[in-house]
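Below is one structure, written out as structure tokens; the observations come after it.
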Amino acid sequence: MSELLCKAKQFLVEKVTNVKTPEATVTDVDLEGVHRDSIDYGAKVSVDNPYDAAIPICEISYVLKSDGRVIASGTIPDPGSLKAKDTTILDVPVKVPHSVLVSLVKDIGRDWDIDYELEIGLTIDLPIVGNFTIPLSWKGEVKLPTLSDLF
């Protein structure tokens, strides 16, 4: 009996490890808007769903770092679902308060931009497997608006 259970367990492990999972990539990060208290950025995440059914997204979490420091973080609960057998583009809004920009004066002074790393965790609910998080990372630089951009 124990041999049968071991074989069943091994069969299940092989099947679960070979299950296709959705694949995601960050395609773009742009300046969305400048406000009196913050600067808004938006990341675009492209997710390919290999399944014949839509998959619910539990949450999207993000951390924006610059110069090794966290300058913005948050979660987006229940952002919808991934389309069946299709690519879904997700928008991830990131709000950076102006008070944080003051701490980045050295980086901004060099070239009037902010070098950053954006880490995104896309948590989806896979059938049988349960919650599964797809980790994403994107490095780049964001040019700061000049006075001519604001007026």
Side-chain angles (χ1 to χ4, degrees), residues 12-151:
L12 184 61
V13 166
E14 287 175 9
K15 291 299 178 188
V16 168
T17 56
N18 292 326
V19 169
K20 288 185 178 182
T21 58
E23 295 181 8
T25 56
V26 177
T27 59
D28 195 19
V29 176
D30 283 324
L31 174 70
E32 298 279 321
V34 178
H35 308 285
R36 289 184 8 199
D37 62 338
S38 65
I39 297 177
D40 294 341
Y41 296 98
K44 301 273 188 223
V45 177
S46 174
V47 187
D48 293 322
N49 179 4
Y51 298 119
D52 292 328
I55 297 176
I57 304 170
C58 300
E59 74 174 14
I60 300 172
S61 59
Y62 64 86
V63 175
L64 182 64
K65 297 179 182 177
S66 181
D67 201 25
R69 293 178 292 200
V70 174
I71 60 173
S73 65
T75 59
I76 303 167
D78 194 24
S81 61
L82 303 176
K83 299 175 199 168
K85 284 260 189 215
D86 201 1
T87 299
T88 303
I89 304 296
L90 302 171
D91 293 316
V92 181
V94 178
K95 183 179 287 254
V96 179
H98 286 306
S99 60
V100 172
L101 297 178
V102 173
S103 68
L104 300 173
V105 169
K106 286 182 184 176
D107 184 30
I108 294 170
R110 280 190 296 248
D111 48 10
W112 201 245
D113 67 18
I114 299 173
D115 299 315
Y116 68 89
E117 180 177 2
L118 178 62
E119 297 171 354
I120 296 175
L122 177 63
T123 304
I124 56 177
D125 186 11
L126 290 178
I128 300 173
V129 176
N131 286 356
F132 177 77
T133 300
I134 302 171
L136 303 165
S137 183
W138 177 275
K139 290 183 179 183
E141 61 182 32
V142 175
K143 293 289 185 191
L144 294 175
T146 61
L147 287 177
S148 62
D149 294 335
L150 299 175
F151 300 105

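Since the model is a prediction, treat every value here as computed from it, not as a measurement.
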For residues 78-85, which side-chain donor-acceptor pairs fall under 3.5 Å, sequence neighbours excluded?
residue: Lys85; atom: NZ; partner: Pro50; partner atom: O; Å: 3.4

Fill in the blank from the handout: Across all chains, not counting sequence neighbours, the side-chain contact (heavy atoms from CB on, under 4.5 Å) partners of Val63 are Lys65, Val70, Ser73, Glu119
Exercise for the section: Quick one: list whatever passes side-chain contact (heavy atoms from CB on, under 4.5 Å) with Ala72, sequence neighbours left out. Expected result: Leu64, Val94, Val96
Completion exercise
Residue pairs passing the side chain to side chain donor-acceptor pair (under 3.5 Å) test with at least one member in residues 88-97, sequence neighbours excluded, are Lys44-Asp91
Show me the donor-acceptor pairs within less than 3.5 Å that the side chains of residues 125-134 make with the rest of the protein, sequence neighbours left out.
residue: Thr133; atom: OG1; partner: Thr123; partner atom: OG1; Å: 3.0

Exercise for the section: Would you name the heavy atoms of Pro22 and Tyr51 that are closest together and state the gap between them? Expected result: CD-CE1, 4.1 Å
Handout entry: Heavy-atom check, side chain of Trp138 versus side chain of Leu136, under 4.5 Å
Key = no
Exercise for the section: Enter the distance from Tyr116:OH to Glu141:CD here, rounded to the nearest 0.5 Å. Expected result: 8.5 Å
Exercise for the section: Report yes if some heavy atom in the side chain of Val47 is under 4.5 Å from a heavy atom in the side chain of Ile57; otherwise report no. Expected result: no
Practice task
Measure the CG-OG1 distance between Asp48 and Thr87 for me, rounded to the nearest 0.5 Å.
Solution key: 3.5 Å
Practice task
Quick one: list whatever passes side-chain hydrogen bond (donor to acceptor under 3.5 Å, both in side chains) with Glu117, sequence neighbours left out.
Solution key: Ser137
Practice task
Keeping to residues at least two apart or across chains, list the side chain to side chain donor-acceptor pair (under 3.5 Å) pairs with something in residues 24-37.
Solution key: His35-Asp40
